[in-house]
There are 2 protein chains.
Amino acid sequence: MVDRPSLSKGEMEIARLLWDVGPATVRQAFEAQPEGREMDFTTVQTYLRRLEKKGYASSKLDGRLRVYSARARARTVIRETVDDLVLRLFGGEKLPLVRHLIEDTDIGADELAELRKLIAKLEKERS
Amino acid sequence: MVDRPSLSKGEMEIARLLWDVGPATVRQAFEAQPEGREMDFTTVQTYLRRLEKKGYASSKLDGRLRVYSARARARTVIRETVDDLVLRLFGGEKLPLVRHLIEDTDIGADELAELRKLIAKLEKERS
DNA sequence: AATTTACACGTACGGATGTACGTGTACAAG
DNA sequence: CTTGTACACGTACATCCGTACGTGTAAATT
């Protein structure tokens with residue numbers, strides 16, 4: 001419904017932090033970054049500002065600390081993002097992407113098993 | 001190996017045309033565009049030029065026509081692109097993306113069945 | 001009280017992106 | 001031969017992106 005500009009790659013990383021840790025100050029988001037991928041404090045700050053401007057987050061001052069909260073649900077954003085990728089890279093067909101993921105990547109045996117169960121469950125539900 | 005700058009969204013669409021129709025002139029790529037998504041002739045031209053500059057395509061003059069060919073295989077580019085997305089949006093875990101694709105999208109019953117068979121085959125191969 | 005620390009907020013800046021236009025020229029149509 | 005058509009190639013340009021720096025100020029430390 002709400003038509004937001006799409007997320008850039010860097011913005012995605014920060015949005016994910018917000019979804020994971022919930023409402024967060026710049027520092028909390030900064031510190032929630034996975035190791036091996038640390039952007040500068042002010043870079044995180046810029047991304048949070050941009051997320052808000054694009055409508056993906058909102059913020060309020062708590063004392064002198066600004067607290068950012070996700071405003072779009074992860075599921076929604078993931079759908080939009082993946083749909084866009086599927087459209088551009090696979091002409092809109094999702095199956096080739098799924099096939100790529102399970103055939104061309106080092107997906108584990110346990111993950112395969114989980115998928116098998118998930119599919120079985122879905123198929124059962126649908127009948 | 002070759003470290004290319006990643007593809008932008010628009011570039012992906014044009015790269016896909018090259019993979020689909022094989023070596024193509026600007027016009028051929030232009031005309032291979034799916035309906036409902038037609039960029040300007042010169043926009044396609046610009047993207048082809050940029051694909052070449054980034055190392056994803058090569059070109060040669062055939063008479064006075066410039067013919068572009070894909071230089072990176074679709075599979076490789078797809079892997080790079082999807083890996084990047086998975087990293088940024090799912091922290092590197094592929095399973096959540098697969099789960100999203102089969103749970104949160106309108107995947108068809110026949111596609112589900114196909115996946116079930118694919119998984120069965122893979123599991124058999126691995127044992 | 002003086003100094004350091006931590007933050008908010010504005011600003012910056014080169015390169016990427018999406019989207020084309022203009023000019024020159026070879027070939028085709030008349 | 002003249003005029004239109006199609007294409008190559010250079011250029012453009014606003015906006016976005018990644019990545020920060022600088023300045024002002026409130027809170028904490030010495």
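Being a predicted model, the structure only gives us computed values, none of them experimental. Every chain is numbered from 1, with letters handed out A, B, ... down the list of sequences.
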Checklist entry - CG of A/Asp40 versus P of C/dC7: gap in Å, rounded? => result 13 Å

Next on the checklist: Counting distance alone, no hydrogens or angles: does the base of D/dC7 have a donor or acceptor under 3.5 Å from a partner atom on the side chain of B/Gln45?
Outcome noted: no

Checklist entry - Nearest of D/dC21, D/dG18, D/dA6 to any side-chain atom of A/Thr42? => result D/dC21

Checklist entry - Is the shortest side-chain N/O distance from B/Arg49 to OP1 or OP2 of D/dC9 below 4.0 Å? => result no

Next on the checklist: Nearest whole Å is fine: how far is D/dA20 C1' from A/Leu48 CG?
Outcome noted: 15 Å

Checklist entry - Salt bridge between A/Arg71 and A/Glu52, side-chain N to carboxylate O under 4.0 Å? => result no

Checklist entry - Whole Å only: how far is the NZ atom of B/Lys53 from the P atom of D/dT11? => result 12 Å

Next on the checklist: Regarding A/Thr43, tell me which of base, sugar-phosphate or nothing describes its non-hydrogen contacts under 4.0 Å with the strands shown.
Outcome noted: base

Item to check | Atom-to-atom span, CD of B/Glu13 to P of C/dG18 - whole angstrom | outcome: 8 Å

Checklist entry - If you look at every strand shown and take non-hydrogen atoms under 4.0 Å, does A/Arg37 touch a base, only sugar-phosphate, or nothing? => result sugar-phosphate

Checklist outcome for this item: Separation of C/dC7 atom P from A/Glu31 atom CD, nearest Å, is 8 Å

Checklist entry - Does A/Arg66 put a side-chain nitrogen or oxygen below 4.0 Å from OP1 or OP2 of C/dC9? => result yes

Item to check | Closest to the A/Arg50 side chain, choosing from D/dG18, D/dA20, C/dC7 | outcome: D/dG18

Item to check | Upstream residue (5' side of DNA chain D) when B/Tyr68 and A/Ser6 are each assigned their closest nucleotide | outcome: B/Tyr68

Checklist entry - Is A/Glu125 salt-bridged to A/Lys121, going by a charged N under 4.0 Å from an acidic O? => result yes

Checklist entry - With sugar-phosphate meaning primed atoms plus P, OP1 and OP2, does B/Lys54 contact a base, only sugar-phosphate, or nothing at under 4.0 Å between heavy atoms? => result sugar-phosphate

Checklist entry - Among A/Asp20, A/Leu18, A/Ile14, which residue meets the side chain to side chain contact (heavy atoms under 4.5 Å, CB included) test with A/Arg16? => result A/Asp20

Item to check | Options C/dT17, D/dC9, C/dA20, nucleotide nearest the side-chain atoms of B/Thr46 | outcome: C/dA20

Next on the checklist: Counting only heavy atoms not in A/Lys117 (residues, nucleotides, ligands), do more than 12 fall under 6.0 Å from its NZ?
Outcome noted: no

Checklist outcome for this item: Of the listed C/dC7, D/dA20, D/dC7, the closest approach to the A/Phe41 side chain comes from C/dC7

Checklist entry - Which whole-number value in Å describes the distance from B/Leu65 CG to D/dT5 P? => result 18 Å

Next on the checklist: So that I can tick it off, tell me whether A/Asp104 and B/Arg79 are bridged by a salt bridge, with the cut-off set at under 4.0 angstrom between side-chain N and carboxylate O.
Outcome noted: no

Checklist entry - Roughly how many Å is it from CD in A/Glu11 to P in D/dG18, rounded to a whole number? => result 6 Å

Next on the checklist: Closest-nucleotide mapping onto DNA chain D: is A/Leu7 or A/Met39 further toward the 5' terminus? I mean the 5' end.
Outcome noted: A/Leu7

Checklist entry - Taking CD1 from B/Ile14 and C1' from C/dG18, how many angstroms apart are they, rounded to a whole number? => result 12 Å

